[in-house]
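Predicted model, so just to flag it, every value in this text is computed and none were measured.
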Amino acid sequence: MADIRLASVAKHFDGVPALHPLTAHIHDGEFVALLGPSGCGKSTLLRLLAGFEAPSQGSLMIGDTEVANAQSGQAVPPEARNIGFVFQSYALWPHMTVRRNVSYPLEVRGLGKAERIAQTDAALQATGLEKFADRMPSDLSGGQRQRIALARCLVSDPQAVLLDEPLANLDVALRASMQDVFSDFHKRTGATMVYVTHDQAEAMAMADRIAVMFEGRIVQLDTPETLYAQPRSTFVAGFVGEGTVLPINGIERQDNITRARLYGERIAIRTDADHPNQICIRPENINITETGDLRSIVQRSTYLGGRYRLTLQLPNGALLKAESPERYADGRQLGLSIQMPWAFTEA
């Protein structure tokens, strides 16, 4: 396996930037998810890694090999990068059995029969497809077809595995089970994996780190836990998890506790910024109490199974998301106490 290094990599189409210059390091054996809304540049970045597109600026290294350099014109073709690619559409050959689909990349490389059989058997076993080896793809379910695509990717012992929204065509229950398949695959193989998705739950369930992308930029690259607990911008705070960003002022520090003023009330905050001006309030930061400093009105109460998600409106019109073990009627007034939200600085 190998690490991946991008140095000021950018991509333009007809002079329009699809990716602004970005620098990042994906470590050997790491599972990184590229997360963001449609049009943010995540699939373009994946295609640059695969060699389907050439960068307009910057350079790209996979392991010790520079596979692309806009200035020198270096461009290693996709078939020479030893990269596995799993497509959203599976991209299987319908006239070939499962075994032949998986082994075909080895045939193209000219490997001997004994070696092809051994590597194909190992890939089928790793993806739980041994008993389906002689079946045709049309006879299998969507999840099983995605396993074929994963086995075909694995069989060549790639330096890295790239996955372009591979679960987008599956139903909700099957997506959840396939997340376990991908996670188990990563643990068994130790492969360096880059996974494109617009589904934050999918990314947070599987990835070691998540690169949140917006308008052709990586706006934050962190572990799922850090992205949720310590967002660095309003976009990340709103895109990852449920959170409301509100302005604060009047920062004071005393006895190792930082406090800020929120709509006239003093609250304790968590921060590593010198001059934070925004807070991200998650549901777990909100306590419902009759003696709460902030007043709110229940706009909606949604049952989630064992708990309710409340949409609460503050006097200035801002909406907060809270959770409660009991339902509150729409229009009811509630007191709120805000407990240690994360604060950051945004221009």
Side-chain angles (χ1 to χ4, degrees), residues 24 32-37 40 197-215 217-289 291-296 299 304 307-324 334-347:
V32 170
L34 305 180
L35 175 67
C40 70
T197 181
H198 62 271
D199 186 323
Q200 60 157 300
E202 201 170 277
M204 296 184 79
M206 296 186 288
D208 298 318
R209 287 193 299 162
I210 299 172
V212 180
M213 299 188 66
F214 182 59
E215 295 183 343
R217 296 178 173 87
I218 294 178
V219 293
Q220 189 170 346
L221 174 56
D222 263 317
T223 65
E225 295 85 356
T226 300
L227 282 175
Y228 184 84
Q230 300 177 8
R232 301 290 175 182
S233 67
T234 298
F235 175 77
V236 175
F239 194 78
V240 177
E242 289 190 318
T244 300
V245 174
L246 297 175
I248 54 172
N249 55 41
I251 305 300
E252 294 180 354
R253 291 179 171 87
Q254 186 177 11
D255 300 328
N256 294 320
I257 297 176
T258 302
R259 290 182 171 85
R261 189 173 297 280
L262 173 68
Y263 301 140
E265 303 297 333
R266 305 296 298 178
I267 61 170
I269 60 174
R270 296 179 298 113
T271 188
D272 59 7
D274 291 333
H275 304 287
N277 58 9
Q278 306 286 331
I279 56 170
C280 174
I281 302 178
R282 304 287 192 193
E284 59 268 24
N285 299 131
I286 300 174
N287 286 339
I288 298 172
T289 169
T291 59
D293 296 326
L294 290 175
R295 308 306 297 177
S296 68
Q299 295 294 304
L304 300 179
R307 69 191 193 285
Y308 294 87
R309 181 177 60 214
L310 306 180
T311 301
L312 307 173
Q313 186 176 46
L314 300 180
N316 71 337
L319 297 178
L320 299 180
K321 299 291 186 181
E323 290 190 357
S324 168
L334 297 176
L336 306 179
S337 174
I338 308 299
Q339 304 293 321
M340 301 297 288
W342 172 253
F344 59 92
T345 303
E346 187 164 65

Atom pair [atom1] ([X]) and [atom2] ([Y]), whose distance is rounded to the nearest 0.5 Å:
X: Ser337; Y: Leu294; atom1: OG; atom2: CG; answer: 8.0 Å
X: Thr271; Y: Ile248; atom1: OG1; atom2: CD1; answer: 7.0 Å
X: Leu310; Y: Leu304; atom1: CG; atom2: CG; answer: 9.0 Å
X: Phe235; Y: Arg217; atom1: CZ; atom2: CZ; answer: 12.5 Å
X: Leu312; Y: Leu336; atom1: CG; atom2: CG; answer: 5.5 Å
X: Glu284; Y: Glu242; atom1: CD; atom2: CD; answer: 10.0 Å

For [Y], is there any backbone N or O sitting under 3.5 Å from a side-chain donor or acceptor partner on [X]?
X: Arg259; Y: Glu252; answer: no
X: Arg266; Y: Gly250; answer: yes
X: Gln220; Y: Gln230; answer: yes
X: Asn316; Y: Ala318; answer: yes
X: Glu346; Y: Gln278; answer: no
X: Arg282; Y: Trp342; answer: no
X: Ser324; Y: Tyr308; answer: no

With the side chain counted from C-beta on, respond yes when [X] and [Y] share a heavy-atom pair under 4.5 Å apart, and no when they do not.
X: Ser296; Y: Leu320; answer: no
X: Asn285; Y: Ile279; answer: no
X: Thr345; Y: Asp274; answer: no
X: Ile210; Y: Val240; answer: no
X: Ile267; Y: Ile269; answer: yes
X: Asn249; Y: Asn277; answer: no
X: Gln200; Y: Leu35; answer: yes
X: Thr311; Y: Lys321; answer: yes

Task: side-chain contact (heavy atoms from CB on, under 4.5 Å) assessment of Thr197 paired with Leu34 - done: CA-CA 6 Å; Thr197 181; Leu34 305 180; over 6 Å; no
Restricting to non-hydrogen atoms, name the atom on [X] and the atom on [Y] that form the minimum distance, rounded to 0.1 Å.
X: Ala273; Y: Arg253; result: O-NH2, 2.8 Å
X: Gly243; Y: Cys280; result: CA-SG, 4.3 Å
X: Pro247; Y: Tyr263; result: CD-OH, 4.2 Å
X: Val219; Y: Phe214; result: CG1-CB, 4.1 Å
X: Thr244; Y: Leu319; result: OG1-O, 2.8 Å
X: Tyr228; Y: Pro283; result: OH-CD, 4.3 Å

Open item on the list: Check Asp272 with Arg232, please: is the shortest side-chain N to carboxylate O separation under 4.0 Å?
Closed with: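 Asp272 and Arg232: salt-bridged.
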TODO: For the pair Glu323 and Arg307, find out whether any cationic side-chain nitrogen is under 4.0 Å from an anionic carboxylate oxygen.
DONE: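 Salt bridge present between Glu323 and Arg307.
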Task: Verdict with reasoning, Leu221 to Val212, per side-chain contact (heavy atoms from CB on, under 4.5 Å) - done: CA-CA 6 Å; Leu221 174 56; Val212 180; over 6 Å; no
